[in-house]
> 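Quick one: the structure is below, questions incoming.
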Amino acid sequence: MGKTIIMEHPLIEHKIAILKNRETGSKLFRELIDELGMLMAVEVTKDLKLKVEQISTPLMDTEVKMIDGKKLILVPILRAGIGMVDGFLNMLPSAKVGHIGLYREPETLEPVEYFCKLPKDTEDREIIILDPMLATGGSAEAAVRFVKERFNPKKISVACIIGCPEGLNHLREKHSDIDIYIAYMDEKLNEHGYILPGLGDAGDRLFGTKQ
Ligand code: PRP
Ligand code: URA
């Protein structure tokens, strides 16, 4: 059984409060998603394996610990997941980045795939799927399913900034083996599949495309 981590931290609460505010414009929204990505990266990488290395400080030789093993692959779900990539890359500058394009069909809310490109050597790597919103959970569930079926990685984690019980339950029910990280758990879904109180449409607020 994978881990389910709901992060609780005053910095996260504060940044989410500004993110949710309808008065927050795209520039600040992007900066906050970036900062929340960095905070999430610290938690998501907590179990990375370390190896001992010998180095010399200016005063003496010593043993230090450094990250072991192959690099991670970050996989943002387009569009809104792109907003989290830079925050994660700030903490994991050598990570590779793949992309999965999904949109929710407006009537059924079912995820529809329109793009998928991942680096080649996925089998002994860990994949971290990024999406700010876990609403019905359909997009994250489909992304995990595609990655499992086509790329067979060593491990899959999903990192979402705002989640709700419905989305978390759906994702966990379909994929008991993955690790799920949610920075902030919101109240519920509305009948249109939006998180309440939520922040509205994350992609539109990031990229300023609201009509
Ligand atoms: C949003 C969001 C997630 C998805 C979450 O994307 O970025 O990918 O909805 O909803 P779900 O959990 O119910 O699947 P959207 O489909 O609006 O596309 P966009 O990022 O291009 O705006
Ligand atoms: N996608 C969003 O961007 N916001 C929601 O509240 C739900 C899905």
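One-based numbering along the sequence shown. These numbers were taken from a predicted model, which means no experiment stands behind them. Numbering of ligands and ligand atoms starts at 1, following listing order.
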> Should Ala202 be counted as touching ligand 2, given the test is an N or O pair under 3.5 Å?
yes
> Ile182: which other cluster members, linking ILVMFWY side chains closer than 4.5 Å, directly or transitively?
Ile6, Ile73, Val75, Ile77, Ile100, Leu102, Leu118, Ile127, Ile129, Leu134, Val144, Phe146, Val147, Phe151, Ile156, Val158, Leu168, Leu171, Ile178, Ile180, Met185
> If Ile, Leu, Val, Met, Phe, Trp and Tyr residues are connected whenever their side-chain heavy atoms lie under 4.5 Å apart, and connections chain through other members, are Leu199 and Ile18 in the same group?
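Yes; tracing contacts between hydrophobic side chains, which count when under 4.5 Å, links both residues.
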> Counting only nitrogen or oxygen atoms and a 3.5 angstrom limit, does Ile77 reach ligand 1?
no
> Answer yes or no: is there an ion pair linking Arg125 with Asp121, defined by an N-O contact shorter than 4.0 Å?
yes
> Side-chain contact, heavy-atom cut-off 4.5 Å: Tyr184 with His9?
no
> In terms of atom number and element, which parts of ligand 2 are under 4.0 angstrom from non-hydrogen atoms of Met133?
2 (C), 3 (O), 4 (N), 5 (C), 6 (O)
> Does an N or O anywhere in Ile195 fall below 3.5 Å from an N or O of ligand 2?
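Between Ile195 and ligand 2, an N or O pair is found under 3.5 Å apart.
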> Any carboxylate oxygen within less than 4.0 angstrom of a Lys/Arg side-chain nitrogen, looking at Lys174 and Glu141?
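Not counted as a salt bridge, because no side-chain N and carboxylate O are separated by less than 4.0 Å.
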> Mark whether atom 6 (O) of ligand 1 lies under 4.0 angstrom from at least one protein heavy atom.
no
> Ignoring hydrogens and geometry, is there a side-chain-to-backbone donor-acceptor pair from Thr45 to Leu48 under 3.5 Å?
no
> OG1 of Thr24 to CZ of Arg30: how many Å apart, nearest 0.5 Å?
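Going from the OG1 atom of Thr24 to the CZ atom of Arg30 covers 13.0 Å.
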> Please say whether Ser139 places an N or O atom under 3.5 Å from an N or O atom belonging to ligand 1.
yes
> Indicate the atoms forming the closest heavy-atom contact of Gly193 with Thr136, along with that distance.
CA-CG2, 4.4 Å
> Which of the numbered atoms in ligand 1 are under 4.0 angstrom from any heavy atom belonging to Tyr103?
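The atoms of ligand 1 under 4.0 Å from a heavy atom of Tyr103 are 16 (O).
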> Strictly by salt bridge (charged side-chain N to carboxylate O under 4.0 Å, His left out), give each pair with a member in residues 104-120 just once, sequence neighbours left out.
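As it turns out, the salt bridge (charged side-chain N to carboxylate O under 4.0 Å, His left out) pairs with a partner in residues 104-120, which skip direct neighbours, are Glu113-Arg150.
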> Which atoms form the tightest heavy-atom contact between Asp61 and Ser56, and what is the distance?
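Looks like OD1-OG, 2.7 Å.
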> Only heavy atoms count here, so choose which of Leu102, Leu189, Leu130, Val112 is nearest to atom 18 (O) of ligand 1.
Leu102
> Near Ala135, which atoms of ligand 2 are under 4.0 Å from a heavy atom of that residue?
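That gives atoms 7 (C), 8 (C) of ligand 2.
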> Can you tell me if Gly198 has a non-hydrogen atom under 4.0 Å from ligand 2?
no
> Shared ILVMFWY cluster between Leu78 and Met133, side chains joined below 4.5 angstrom?
yes
> Suppose I only count heavy atoms of Arg104 and a 4.0 Å limit; which atoms of ligand 2 are within that range?
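What qualifies from ligand 2 is 7 (C), 8 (C).
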> Verify the cluster assignment for Phe88 and Leu39: are they in a single hydrophobic cluster under the rule of side-chain heavy atoms below 4.5 Å apart?
yes
> Regarding ligand 2, does Gly200 bring an N or O atom to under 3.5 Å of one of the ligand's N or O atoms?
yes
> Nearest protein heavy-atom contact for atom 5 (C) of ligand 2: which residue, which atom, what distance?
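Minimum-distance protein heavy atom for atom 5 (C) of ligand 2 reads Tyr194 CD2, 3.4 Å.
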> Do you know which of Lys3, Lys155, Lys148 makes salt bridge (charged side-chain N to carboxylate O under 4.0 Å, His left out) with Asp177?
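For Asp177, the salt bridge (charged side-chain N to carboxylate O under 4.0 Å, His left out) check succeeds only for Lys148.
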> Heavy atoms only: which of Ile100, Asp131, Leu171 lies closest to atom 8 (O) of ligand 1?
Asp131
> Heavy atom to atom 11 (P) of ligand 1, shortest distance: which of Leu134, Ile82, Thr136 holds it?
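It is Thr136 that holds the nearest heavy atom.
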> Provide the number and element of each atom of ligand 1 under 4.0 Å from a heavy atom of Ala80.
7 (O), 20 (O)
> Give me the nearest non-hydrogen protein atom to atom 19 (P) of ligand 1 as residue plus atom name, then the distance to 0.1 Å.
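Scanning the protein heavy atoms, the shortest distance from atom 19 (P) of ligand 1 goes to Arg79 NE, 3.6 Å.
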> Can you check atom 1 (C) of ligand 1: any protein non-hydrogen atom closer than 4.0 Å?
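Under the 4.0 Å cut-off, atom 1 (C) of ligand 1 has no protein heavy-atom neighbours at all.
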> Can Asp201 be said to touch ligand 1, with heavy atoms closer than 4.0 Å?
yes
> Considering only the protein, which heavy-atom contact is closest to atom 16 (O) of ligand 1, and what is its distance?
Arg104 N, 3.1 Å
> Look at ligand 1 and say whether Gly137 reaches it with a heavy atom at a distance under 4.0 Å.
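The answer is yes: ligand 1 sits under 4.0 Å from a heavy atom of Gly137.
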